[in-house]
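Naming convention: chains lettered A, B, ... in sequence-line order (proteins, then strands); numbering from 1 in each chain.
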Amino acid sequence: MATITYDRATRVYPGSEHPAVDGLDLHIADGEFLVLVGPSGCGKSTSLRMLAGLEEVDSGAIRIGEHDVTGLSPKDRDIAMVFQNYALYPHMSVADNMGFALRIAKTPKPEIEQRVREAAKLLDLEQYLDRKPRALSGGQRQRVAMGRAIVREPRVFLMDEPLSNLDAKLRVSTRSQIAGLQRRLGVSTVYVTHDQVEAMTMGDRVAVLHDGVLQQCASPRELYERPANAFVAGFIGSPPMNLLDCGLDGETVRAGDTALPVSSAVRDEAAHGGGVTIGIRPEDVRVVGSAEEGMSATVDLVEELGSDVYLHCSLPDEGQGVVARAEPRSAPALGESVRLGIRPEAVHAFSAVTGERIAV
Amino acid sequence: MTTATGDERRTTRRRFEAKKWLPILGVAGIVLYCLAPFYWMVVTAFRRPADQYDLSPLPRTWSVENFRAVFEPGTGFGRALLNSLIVASTTTILTLVIGTSTAYALARLAFRGKNLVLSLIIATSMFPGISLIVPLLRLFTDIGWINTYQAMILPSLSFALPLAVWNLTMFFRQMPQELEQAAMVDGCTPGQAFRRIIVPLAAPGMFTTAILTFILAWNEFIIALSMVNEQNMQTVTVAISKFTGATQYDQPFGTQMAAGVIVTIPLVIGVLIFQRRIIAGLTSGGLK
């Protein structure tokens, strides 16, 4: 059990000018569940592999507890890792897979047996201990991979998209199992995923990466309510936040054919800084009557989810689109013209140039 | 096809059955073509020496006279078998040790010119062996290697290695790198990860390579013929070529065929033993 610190850690792949991970600064508390999330190629897996010792650190440092582990080989870091494809040893039984690290560490046989048995019980794998990985289902293999990590009782768990090979239903149930297990064991965990729903539901904190640069690291709620920039705003949330490029119109910012009352900071940015991007979550956009204040729009697509209906609408100007949440029973039909009202207090504003958040 | 008559349906079915039998016929043809010379070798070996030009498909009178002739003290055949065994096994072991480490390095390490190295290794196997005889003979005479095992092992090794390295490199390449990484995270040194995870999984590829190398070295003739002139150092292939009949004009076909059978048997047994170890899909199941 230990804290983890990335201290301006950078990785540049040979033959590439752009760093895969650029000056990552991150501190993970003892027992914390941190999720690294981002689109593919953002450097999240590289960051994890740097912590594991499977990837070199070109500059900066990585510390586990008080130890600087930057140059250490993986075996000296006391970490356990769950790989995306599980990487179970095909020629060993489930029990041997789970006990392998202990055998390498020359742990006495009875103790290995006992610890493997305990982990198997925890993961509901007891009746499969003698099987080879090829005789297991995908979900069982995933649990064996988890078991191999747990048996070690390491200081840090690393998980690289461990759920991406499971089907949707199993993924949801395994998601809560892993989160619950981690809380019970209290081992600091770094978890990589490209799925923002996984990130939001599992993490104590979520770190969003883009192009090798950390965008924001905060609690899921903070990330959702106060995204630090337009990228985070567009990445977190499903469906994503509506982002509209807006021009200044006197004292107000104009979105479609409606005016939004905004702070002076936003007005300054719009006037001198090169424009603003206005962000509104779909649930903060609603269909209103023709008498009320709102943008006129046309419904292009109706997405039925059962509990909600999402309307994909186009605004009359510049081909911009807005997604709005509507009540299933009173949802407009495809092609209908609607007025969309915006809750002014729910509006986010970002600089159109830097993407940085501006206080509304 | 509601208007199809019974006749039409019958022809379709017949055509379908013909299609099913065609591949089997093809396979049978190939097997016959490959095995016919072996069959003739075995049959001729079991004929009496007097019948050796007989053309009947089975010997008129079965006889082991030819086999007895093979092991007559004058031929040195037993000693030749031992020599062949020493040369072929040593070559195989050396090829495996060198080939495995080379192939693993080529499959896993990232270094400049890797593909060039691999192409060069393959290119060396394209030299016709016969062109090397004269320089090798000169070299081995100078360093006093004539009539030694190493004079046969070293050239065989250089013929076997390119194919072995190529085979094993392809085999290691398709093995997911995560396996070694998982082992290293589990506390292994790279060497331990190789020994405890990769080698057991590479066993099918290594056995295949071993069999091919052994066959290649066992059947090698031209080097063994050139580098050895003492009877007790010659290998079986050379020994067979030196069998003599009763007179200068008498070709001892029967004896040669019997020797051929004896020489082939170890190979067949070897392949059968190792075949069990070559279990397809040994690596399946560890991933995903």
Side-chain angles (χ1 to χ4, degrees), chain A residues 13-15 48-49 51-55 72-92 94 96-107 131-142 144-145 148-149 151-152 154 156-158 160 164-166, chain B residues 100 104-117 168 170-208 274-288:
Chain A
Y13 283 113
L48 190 78
R49 293 166 57 83
L51 176 54
L54 298 172
E55 204 71 69
L72 289 186
S73 74
K75 71 183 177 68
D76 300 322
R77 297 190 180 205
D78 197 10
I79 46 170
M81 183 157 170
V82 179
F83 289 81
Q84 182 172 10
N85 56 14
Y86 313 146
L88 301 179
Y89 310 127
H91 56 302
M92 295 184 194
V94 168
D96 288 342
N97 260 287
M98 285 165 65
F100 183 70
L102 298 180
R103 270 210 314 286
I104 292 293
K106 301 210 162 60
T107 314
R131 290 217 197 154
K132 292 275 170 66
R134 66 170 165 276
L136 299 176
S137 72
Q140 288 161 349
R141 287 177 198 174
Q142 202 282 330
V144 175
R148 194 166 64 179
V151 166
R152 297 267 311 275
V156 178
F157 281 143
L158 306 182
D160 190 0
S164 59
N165 285 318
L166 301 181
Chain B
T100 305
Y104 189 62
L106 282 171
R108 283 298 190 255
L109 299 183
F111 57 87
R112 202 180 286 266
K114 189 162 78 167
N115 284 326
L116 184 71
V117 171
L168 288 167
M170 294 305 139
F171 203 82
F172 285 135
R173 268 194 191 163
Q174 47 160 307
M175 237 182 263
Q177 223 160 344
E178 280 88 352
L179 285 175
E180 289 118 297
Q181 293 174 348
M184 273 151 69
V185 169
D186 269 348
C188 288
T189 61
Q192 275 176 317
F194 178 67
R195 273 201 316 280
R196 303 191 64 151
I197 304 297
I198 296 304
V199 170
L201 292 175
M206 288 169 70
F207 281 122
T208 314
F274 285 131
Q275 204 177 29
R276 293 201 181 161
R277 308 297 307 266
I278 306 170
I279 310 156
L282 189 70
T283 53
S284 72
L287 300 151
K288 269 196 251 181

Rounded to the nearest 0.5 Å, how far apart are [atom1] of [X] and [atom2] of [Y]?
X        : Y        : atom1 : atom2 : value
B:Met184 : A:Asp76  : CE    : CG    : 10.5 Å
B:Gln181 : A:Met81  : CD    : CE    : 7.0 Å
B:Ile198 : A:His91  : CD1   : NE2   : 8.5 Å
A:Ile104 : B:Thr189 : CD1   : OG1   : 8.0 Å

A:Phe157: partners by ring pair (Phe, Tyr, Trp, His ring centres under 6.0 Å), with sequence neighbours left out
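Ring pair (Phe, Tyr, Trp, His ring centres under 6.0 Å) list for A:Phe157, sorted by chain: empty.
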
Determine the minimum heavy-atom distance between A:Tyr89 and B:Asp186, stating which atoms define it.
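Here A:Tyr89 and B:Asp186 meet closest at OH-OD2, 2.9 Å.
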
For the residue pair A:Arg148 and B:Ala182, what are the closest heavy atoms and their distance?
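Answer, listing the atom of A:Arg148 first, then B:Ala182: NH2-CB, 3.6 Å.
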
Between [X] and chain B, with a heavy-atom cut-off of 4.5 Å, which part of the residue counts as in contact: side chain, backbone, both or neither?
X        : result
A:Leu54  : side chain
A:Ala105 : neither
A:Arg103 : side chain

Assess the residue pair B:Val185 and A:Arg152 against the criterion (side chain to side chain contact (heavy atoms under 4.5 Å, CB included)); give the C-alpha distance rounded to whole Å, side-chain angles, the decisive distance to 0.1 Å, and a yes or no.
CA-CA 11 Å; B:Val185 169; A:Arg152 297 267 311 275; 4.2 Å; yes

Considering only heavy atoms, which portion of B:Gln177 lies under 4.5 Å from any heavy atom of chain A: side chain, backbone, both, or neither?
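Neither part; nothing is under 4.5 Å.
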
Go through the atoms of B:Ala110 and report whether side chain, backbone, both or neither lie under 4.5 Å from a heavy atom of chain A.
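No part of it gets close to chain A.
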
Residues which pass salt bridge (Lys or Arg N to Asp or Glu O under 4.0 Å) with B:Arg196, listed by chain and number, not counting sequence neighbours:
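Partners of B:Arg196 by the salt bridge (Lys or Arg N to Asp or Glu O under 4.0 Å) criterion come out as none, since no residue qualifies.
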
